[in-house]
Amino acid sequence: MAVFLTLVPVLAGAGSLQAAETGSITVSVSGLSNENAGCIIALFNEKKGFPAKTARAARTLTIPAGVTSARFDAVPYGTYALTIFHDRNGNGRLDGNFLGMPKEGVGTSNNPRTSFGPPSFNDASFRLDDPEKEIRVNIRYL
């Protein structure tokens, strides 16, 4: 009987040891004005900081000049939004004018059209719930 009582907690906790499901997100970028500079891709898992504060992103990737796709691996299933900017001067951040409008090309997942200001996290969000997800983002210059 003592053996049975010892095994019950181990067996009851076995389900919690199961790894969280993850997938990969492949991002394709189009509409770049030139291929002489790379892009910064930020993957957000919440609206805080989206779309411009890449330091708040769950993950970021820098892709070099001439490359138009990237892949995030081992991403836990959930809701995400992507932002991409064409880092034409290579300083690693999105540059804006005195009004805060981007001076470099930008794009977000779902390619939402906006009149004033950046798109919301909800407009750009997508669900990762399969092993593979492909996202195509068109870069726009304002």
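Owing to the predicted nature of the structure, the values given are computational and were not obtained by experimental measurement.
Of the inter-residue distances, the one linking R136 atom CZ with S30 atom OG reads 8.5 Å to the nearest 0.5 angstrom. In this structure, OG on S109 lies 10.0 Å from CZ on F44, to the nearest 0.5 angstrom. From D129, atom CG reaches atom CD of E21 across 9.5 Å, with rounding to the nearest 0.5 Å. Distance CD/E35 to NE2/H86: 8.0 Å, rounded to 0.5 Å. The CG atom of D130 sits 11.5 Å away from atom OG of S24, with the distance rounded to the nearest 0.5 Å. Within the model, atoms CG of N111 and CG of D123 stand 12.0 Å from one another, a figure rounded to the nearest 0.5 Å.
For the residue pair D95 and N89, a side-chain donor N or O sits within less than 3.5 Å of a side-chain acceptor on the partner.
Nearest heavy-atom pair across P119 and T108 is CG-OG1, 3.5 Å. Listed here is the closest heavy atom pair of R88 and S33: NH1-OG, 3.8 Å. Nearest heavy atoms, S125 versus N110: O-ND2, 2.8 Å. The heavy-atom pair separating A52 from L94 by the smallest distance is CB-CD2, 4.4 Å. In this structure, T83 and P51 approach most closely via the heavy-atom pair CG2-O, 3.0 Å.
Shown are K47, E46, R127; of these, the side chain to side chain donor-acceptor pair (under 3.5 Å) with T79 is made only by R127.
Residue Y80 shares its hydrophobic cluster (ILVMFWY side chains chained together at separations under 4.5 Å) with I25, V27, V29, L32, I41, L43, L61, I63, V67, F72, V75, Y77, L82, I84, F126, L128, I135, V137, I139, Y141.
Salt bridge E132/R71: present, at least one basic N to carboxylate O contact under 4.0 Å.
Within the 4.5 Å cutoff, the side chain of R113 has heavy atoms near those of the R140 side chain.
When atom types are taken as modelled, the side chain of D87 and the backbone of I40 share no donor-acceptor pair closer than 3.5 angstrom. Judged purely by atom type and a 3.5 angstrom limit, N34 uses its side chain to pair as donor or acceptor with the backbone of N36.
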